[in-house]
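Here is the structure we will look at.
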There are 2 protein chains.
Amino acid sequence: MNTQFKRGILEICVLALLAENDQYGYAIIHALSQHIDVGENTVYPILRRLTKEGYTETYLTESKAGAPRKYYTMTKLGFAHYMKQRDEWSAFLAGVYQILNRGGKKHEDLYRRFKARTEKTTTE
Amino acid sequence: MNTQFKRGILEICVLALLAENDQYGYAIIHALSQHIDVGENTVYPILRRLTKEGYTETYLTESKAGAPRKYYTMTKLGFAHYMKQRDEWSAFLAGVYQILNRGGKKHEDLYRRFKARTEKTTTE
DNA sequence: ACACAGTACTATACGTTACACAATACCTGA
DNA sequence: TCAGGTATTGTGTAACGTATAGTACTGTGT
């Protein structure tokens with residue numbers, strides 16, 4: 001999986017979970033990794049950054065099954081940031097959609113077109 | 001606009017245009033910039049990278065209105081790469097969609113939920 | 001003839017972010 | 001006590017968008 005795709009979007013995904021409920025890092029990682037390929041080395045830094053920037057705050061709770069958990073809770077600033085990021089993301093997606101889906105969208109269409117074009121110009 | 005969003009996707013967008021027809025850099029930049037915010041400093045490096053990796057090849061043509069144009073043409077390898085990237089992108093998007101669109105999707109819904117949650121726990 | 005705008009491309013340096021690698025620490029069950 | 005699941009932190013690296021700057025060619029207005 002192209003790791004570049006995740007840049008910027010992972011943060012939004014984390015914010016999306018925190019907009020629902022307070023969560024601790026490990027749980028967030030599990031939730032995210034059910035849908036996208038992501039590990040602890042990636043998510044924890046995001047959580048630290050969000051906190052550093054005032055988008056989230058933390059509190060510790062003890063756990064019966066392991067080390068204490070650091071819960072992250074979204075601030076109002078964080079929610080506003082989340083809304084803004086969502087907007088930018090969907091605007092960006094709309095633009096990309098326009099570019100990727102001109103003419104034939106399906107692979108067969110694309111392949112037929114490409115093949116037709118390359119064959120008449122002695123490519124090989 | 002979050003510049004991070006573009007990582008990896010810009011390359012796909014360029015490939016999408018080249019899958020249709022041979023194009024020169026300046027034209028590609030114009031086509032892309034109608035839909036997403038992107039400049040020459042970003043696109044030319046991508047074109048060079050694509051060529052370096054064998055996904056595109058180039059040929060020069062003279063132009064009546066300016067410097068000679070370097071046309072980029074997609075190789076078979078490039079087309080295969082394009083198809084693969086498209087697949088990965090849509091798989092990634094599907095995952096992100098699952099995460100971002102659980103429960104209420106619209107801003108009003110999200111806001112109502114967030115507000116309700118924060119108000120009952122003496123935030124402020 | 002010269003400045004200038006538009007066209008077209010190249011090169012260097014930097015910042016952000018995902019992530020590999022590594023370490024720490026707590027608890028439970030065999 | 002040792003493995004394994006839980007839970008977090010820190011360091012270093014690589015990719016890629018992009019700001020900045022520069023080269024070079026053509027046609028037009030003055």
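Below, chains carry the letters A, B, ... as their sequence lines are ordered, and counting in each starts from 1. Note: hydrogens, waters and symmetry copies are ignored here, and every other heavy atom, side chains too, is used.
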Within residues 4-22 of chain B, the residues having a heavy atom closer than 4.0 Å to DNA chain D are B/Lys6, B/Arg7, B/Gly8, B/Leu10
Distance check needed: C/dC26 C1' versus A/Tyr26 OH, whole Å only. 13 Å
Taking side-chain contact (heavy atoms from CB on, under 4.5 Å) as the definition, give me every residue that meets it alongside B/Ala94, ordered by chain and number, with sequence neighbours left out. none
How far does CD of A/Glu119 sit from CZ of A/Phe114, to the nearest 0.5 angstrom? 10.0 Å
For A/Gln23 and A/His30, does a side-chain donor sit closer than 3.5 Å to a side-chain acceptor? no
Salt bridge check: are B/Arg117 and A/Glu20 linked by an N-O gap of less than 4.0 Å? no
Is it true that A/Asp87 and A/Lys84 have a side-chain N and a carboxylate O under 4.0 angstrom from each other? no
Taken to the nearest whole Å, CG/B/Leu32 to P/C/dA8 is 15 Å
Could you pull out all residues at least two apart from B/Asp37 that satisfy side-chain contact (heavy atoms from CB on, under 4.5 Å)? B/Lys6
Is a donor from one side chain sitting under 3.5 angstrom from an acceptor on the other, for A/Thr51 and A/Thr58? no
Just to verify, what does A/His35 make a side-chain contact (heavy atoms from CB on, under 4.5 Å) with, not counting sequence neighbours? B/Gln98, B/Ile99
Identify, between B/Asn2 and A/Gly66, the residue whose nearest nucleotide on DNA chain C lies closer to the 5' end. B/Asn2
In this structure, how many angstroms lie between the C1' atom of C/dC9 and the OH atom of B/Tyr24, rounded? 13 Å
Side-chain donor-acceptor contact under 3.5 Å, B/Tyr44 with B/Arg48: no
Output the residues of residues 39-60 of chain A in contact with DNA chain D, where contact means a heavy atom of the residue under 4.0 Å from an atom of the strand; sort by number or write none. A/Glu40, A/Tyr44, A/Arg48
With salt bridge (Lys or Arg N to Asp or Glu O under 4.0 Å) as the test, would you mind laying out the steps for A/Arg69 and A/Glu62 before giving the verdict? CA-CA 6 Å; A/Arg69 294 167 174 168; A/Glu62 14 182 345; over 6 Å; no
Check every nucleotide of DNA chain D for an atom under 4.0 Å from a heavy-atom of chain A, then give the first and the last such nucleotide from 5' to 3'. D/dG5 to D/dC16
